[in-house]
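These values consider heavy atoms only, across backbone and side chains, with no hydrogens, waters or symmetry-generated copies. Within every chain, numbering begins at 1; the chains are lettered A, B, ... in the order of the sequence lines, protein sequences first and strands thereafter.
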Amino acid sequence: MADTNSVTYNAAMGQALVSAMRKDDSIFVLGQGVATGGWFGAEKGLADEFGTDRVIDSNISEAFEAGLAAGAAIAGMKPVINMGFGDFALIAGDEIFHKLAKWRYMHGLNVPMSAVVIFPIGTMNGAGPEHSSCTEVLGMHFPGLKVVVPSTAADAKGLMCAALREPNPVLFHSVNTLSFQRGDVPADDDYFVPIGKGCVRRAGTSATVLTYGSMVSPSLQAAEQLALEGIDLEVIDLRSLVPIDWPLVLESVRRTNRAMVVHEAMKTAGPGAEIAAHIQEQAFFDLESPVLRVAGKDVPLPQHGYLESLCIPSTAEIVAAARQLCLG
Amino acid sequence: MADTNSVTYNAAMGQALVSAMRKDDSIFVLGQGVATGGWFGAEKGLADEFGTDRVIDSNISEAFEAGLAAGAAIAGMKPVINMGFGDFALIAGDEIFHKLAKWRYMHGLNVPMSAVVIFPIGTMNGAGPEHSSCTEVLGMHFPGLKVVVPSTAADAKGLMCAALREPNPVLFHSVNTLSFQRGDVPADDDYFVPIGKGCVRRAGTSATVLTYGSMVSPSLQAAEQLALEGIDLEVIDLRSLVPIDWPLVLESVRRTNRAMVVHEAMKTAGPGAEIAAHIQEQAFFDLESPVLRVAGKDVPLPQHGYLESLCIPSTAEIVAAARQLCLG
Amino acid sequence: MNDKDVSRSTPGAEAVALMYRRMAITRAIEICMAKHVRNNRFSGWWHPGEGQEAAGIGATAAMQQDDYLFYQGRGCSWAIGKGMAPAPILGDLLGKPSGATGGKGGGVPHWSDYSIGVMGEGATLGSVYPLAAGAALAARLRGTGQVALANFGDGTAARGTFHETMVHAAAWKLPLIYFCENNEWLVGTPLKQVSPTENIADYAAGYHIPGVIVDGQDALAVYQVTTEAIARARAGEGPTLIEAKVFRKHGHYAGDPQHYRASNYLDTYRDPLDLLGTHLGDDQAADLREQATADVQSAYEAALAEADPEPDTIFKDLYYG
Amino acid sequence: MNDKDVSRSTPGAEAVALMYRRMAITRAIEICMAKHVRNNRFSGWWHPGEGQEAAGIGATAAMQQDDYLFYQGRGCSWAIGKGMAPAPILGDLLGKPSGATGGKGGGVPHWSDYSIGVMGEGATLGSVYPLAAGAALAARLRGTGQVALANFGDGTAARGTFHETMVHAAAWKLPLIYFCENNEWLVGTPLKQVSPTENIADYAAGYHIPGVIVDGQDALAVYQVTTEAIARARAGEGPTLIEAKVFRKHGHYAGDPQHYRASNYLDTYRDPLDLLGTHLGDDQAADLREQATADVQSAYEAALAEADPEPDTIFKDLYYG
Ligand SMILES: Cc1ncc(C[n+]2csc(CCOP(=O)(O)OP(=O)(O)O)c2C)c(N)n1
Ligand SMILES: Cc1ncc(C[n+]2csc(CCOP(=O)(O)OP(=O)(O)O)c2C)c(N)n1
Ligand SMILES: [Mg+2]
Ligand SMILES: [Mg+2]
């Protein structure tokens, strides 16, 4: 890569936002504390540069925020709203999964409609059962939205750049535990990671791990551990959940003949259910063992840090599942 | 069965409700038009018998209705609320999937908490994109609720009887197209279909069809058609989606070695994703072909009756998929 | 005539004639649809607005063409009032490709025409409050002077989005008009049974905005109060809550037996078309009605004759590009 | 003393002493937690309520033991006021099995004790309005005379559930009290920037219910207005909206640098414990504080010494039976 800087994940999102807002007057940002506090730092200074006309604090009203985004989008603006927590998707479900997702469809319109809805997701050592959920599966089930989950600072920037140019509403899931993680981020204002493209984070031959977001790093750690045992995992970071990069996924699975999905979201009817179901549908006769899922336990997330940690996949669990996949 | 009457699906739900309300003062019914109009007929006459203290019309406020049910339940009542349409689960998402589902858990309480939330689901010839959705997968992903979908009048009564005795909140999905379908319904006031038990609607040997709700009848029709070709489908009506009767499902699949899921809900990340993923996880080496899914198209439901019909599985599609499953 | 003429507070003769013409078209569509539904050829859900047309016609007459309208959709007075032709409406109700939604909308209508500010309906009632605020904010950010109007029923005033949106719209003085058609019913439930106030306008006080009650059967009265509210909004003075007292002449849905209603309920009904007609010459009114009926009939016949939409319609418009 | 004593409008000396004791316990927990958080041993999110204790203490003193309380959870004055002991609170904050939630709750607190009407908190703010209405309806249906109280912040008054719930509670005259603690902030956003009204009580007018403003630093004044509201509710006269003007002494969360606040903001702070203390003898106040500090310290140490919860705690209480 040409020119890069060491930047945190959240600041990388912020870079994308700032450079896009400088060029495109139709972008504005709205959410609780986006002007005064910031969503864990991503838009620090945004209000200073663009003023509180374009960087707008709202009151406590997630349904309003998401509905406003839909209305502004059909009126030709590009709203970027921060919903605070993935859990709050359930407060604004009608506005996101009925209005943003299908307003055009149900009105029979073929027009651009841009809106970026930011959902910080996942555990962060004790935020509790209503402030820690991974709700990205909702965007997979209800059609009409694009859905991304960056796992690196560079992707946070690249996918935000893409989301801000996308003529469809995007659910942009930022990962809480990665917020302040640094990475090499291209300096290019237009650094662009296309929505719908996954990438191979580690090439391998023994089995394919499909993962994204908070679980990319533990999956890579698991792969390094298993390499010592002669198990050579291929780790794919999906990056987008709608659309999923099926060509990449299926090519890999057909080559390794084994697949497992790893995510923090709860297992039952979670993203991994679709991924596993689809892989076995499309590549059944290439598979030498079932597609496994390592995922969050099917329980609300306790606030206690230790109990919480038991609810989400550990590197050890990934290692164990991969061993079972390859040997068992 | 001993004593049965021919009763419509909705009236059968009503029978369960009436007999339970006569015995149990803590049950009350609330929803838009439940006193004055009725949810497509189920509680006709309910207000006459029990008065408008216990059969309560609400204003247009789904979040309030579901939240009220949670509050009444923890105060020891057994609320039965009718949410009007499955689509409206997204309006009351916080109240249903955070509050009803996990209030006890997050408060560390091990106490009974009874509430029945009725969601009429599915297409009915032109109710449109926001009044036709099958949203039962939400209750599968978010833990803490039981989830049922009766496919016959007898089950509508039996599962409602069970729901009204259940110490956990139940999402009771009634199927719009079945509302006025008659069936033989046991006269017994306490006719009880246990939550979590599926049943074999047609025994067979060639493949197992896992279905529920509106798709049971087309699946059976498909089976009759295929019987003429020598394909002998076993059709299982799951009846409950939380918990799913895995022993029944897996025993059947291990015997037939082939499985497909049929439901009206949209395919991607729908109930069938979990069912297919779980089956291949548990019974991979018993399977002779991939678990197939025949499901609603991944689009909002158009209001036009003809277009709508193209979005949900037809008997012909089920037949074609079953042929592929068994022969292809 | 052009739309500028109707922005004065007392509409001129031409403006009144245009309002009458549009109300007559709405009425003709209502009558046509009622017949159509009786003849059982209808797959959608039709919520009749016959007799309740004055509010939509009066309010839209006060709007500029580029002002944003979000309607609730009892009947079609709002869409016709804002300038939609009968053809895309009837095409839609009949589920034909010529309909505004090409077969995707229908009885719970989703007609829209962005070129004249008809932005559409949310079938989950009350969902358009924040959308209208979003459009109002867009107008403010671009400095175009447009306003947004959200139309809704008395029952729908109970939705939480009513409150969340007005908290912000009033705090930020957004150019947003709340326009309630209070017909005192939500399906079969009388409003008074589930509302602490008969007057939806009473909620305005908490938001420190004007709450205005108007005779919703009188299109000119509606025109007047809406014109004032829009002038306030354009001047940066913020939202107004207008409550039009209207009359639901028919059942909630086409075919509703209305067991819940007194048998003489029609005694107090006043016909909005007749009321507006007193401001026109008899001949002119009759001509306009005749013309409207003929226009609607031919649009209806054209739609009937049309083929059904292509199957692949179901995959269109989900994603752009 | 028993809880009946505090139900009269002017509390007796014993009742005042009990209020003081409970406020002192709350204060001691606040101080203990602030230190604990500074020492970095805390996994949960703590929203300090030090300096804002009078509202919870005054309001709960007016409630019967079996009245239903839903609180918002800045600090713990509401839970302590309603009669919870320090042990289950501190055990919870430290994530220990002895805590009220056995390790599942914490900084965004979910303490509850149904036996004394502490029903809990929803961490999605504003979610408890309808729950409180459900409890109030339960009380009405059973004819027990209980009331339900929903406590919330000024920001949380913007939630749609505020409106949906009060529409019904007021229409049905449910025994429900809305109790707002207006500290003029939602995190770092000043209320006036996102609200059309400084006074949350102004919303009462639209619902045709009383809206009462009270000095929220003065526990006895809060006690008085809450007693009146509860009397109305028990008499079947319906809900009251109480707004207590309170002072947020600390940051939104423990550790919040509060860059957004004027440096002299504490100039106008009045300490609720000192205010209530003027109604007690100096010695009595000092004794009660000392006792409270000691009680809290020993509960804290006991909790610290406790082992972490068992791993299988995570699977408990999801389903009953
Ligand atoms: C959120 C939501 N809840 C319920 C419904 C079902 N519903 C359709 S029309 C209606 C009554 C609407 O009453 P009102 O707002 O007064 O309008 P009116 O029908 O009187 O014109 C209801 C409850 C809906 N469409 N959306
Ligand atoms: C529905 C919801 N939105 C946002 C949040 C995040 N949040 C936690 S506290 C808070 C501010 C609350 O303000 P207020 O109600 O005035 O109470 P205060 O903090 O001042 O006591 C916010 C926005 C939340 N917990 N729930
Ligand atoms: Mg009405
Ligand atoms: Mg506050």
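Using a 4.5 Å cut-off between heavy atoms, D:Ala132 makes no contact with chain B at all. Of the atoms belonging to D:Tyr129, not a single heavy atom falls under 4.5 Å from chain B. When heavy atoms are compared at a cutoff of 4.5 Å, D:Leu174 does not approach chain B at all. Interface residue B:His107: backbone and side-chain heavy atoms are both found under 4.5 Å from chain D. Using a 4.5 Å cut-off between heavy atoms, D:Leu141 touches chain B through its side chain atoms alone. Of the atoms belonging to D:Tyr68, it is side-chain heavy atoms, and not backbone ones, that fall under 4.5 Å from chain B. With a 4.5 Å cut-off on non-hydrogen atoms, D:Arg142 touches chain B through its side chain but not through its backbone. Looking at B:Ser58, the atoms closer than 4.5 Å to chain D (heavy atoms on both sides) sit in the backbone and in the side chain alike. Within the 4.5 angstrom heavy-atom criterion, only side-chain atoms of D:Thr161, from C-beta onward, approach chain B. Contact annotation for B:Asn59: both backbone and side-chain heavy atoms come within less than 4.5 Å of a heavy atom of chain D. The contact between B:Asp53 and chain D is made by backbone and side chain atoms together, counting heavy-atom distances below 4.5 Å.
In this pair, D:His168 and B:Phe64 present their aromatic rings parallel. The plane angle is below 30°, not in the 30 to 60° band. Between B:Tyr212 and B:His263, the ring planes lie tilted relative to each other; the angle falls in the 30° to 60° range. Using cut-offs of 30° and 60° on the angle between ring planes, the pair B:Trp103 and D:Phe70 is tilted.
Ion pairing between a basic and an acidic side chain is recognised when a charged N comes within 4.0 Å of a carboxylate O; B:Lys146 and B:Glu166 show such pairing.
Of the listed residues (B:Pro112, B:Pro143, B:Ala63), the greatest number of heavy-atom pairs within a distance under 4.5 Å of chain D belongs to B:Pro112. Most heavy-atom pairs under 4.5 Å with chain D: of the set B:Glu62, B:Arg104, B:Arg54, B:Lys102, this distinction falls to B:Arg104.
The closest donor-acceptor contact from the side chain of D:Tyr178 to the backbone of D:Ile242 lies at 3.5 Å or more, if one exists at all. Listed for the D:Lys82 side chain is a donor-acceptor partner under 3.5 Å among the backbone atoms of D:Ile116.
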| request: Could you check D:His36 against D:Tyr300 for ring pair (Phe, Tyr, Trp, His ring centres under 6.0 Å), going step by step and ending with a plain yes or no? | output: CA-CA 10 Å; D:His36 183 76; D:Tyr300 175 67; 5.5 Å; yes
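Of the listed residues (D:Val37, D:Leu90, D:Leu93), just one forms a side chain to side chain contact (heavy atoms under 4.5 Å, CB included) with D:Cys32, and that residue is D:Leu90.
Residues B:Met77 and B:Ser26 come closest through the heavy atom pair CE-O, 3.5 Å.
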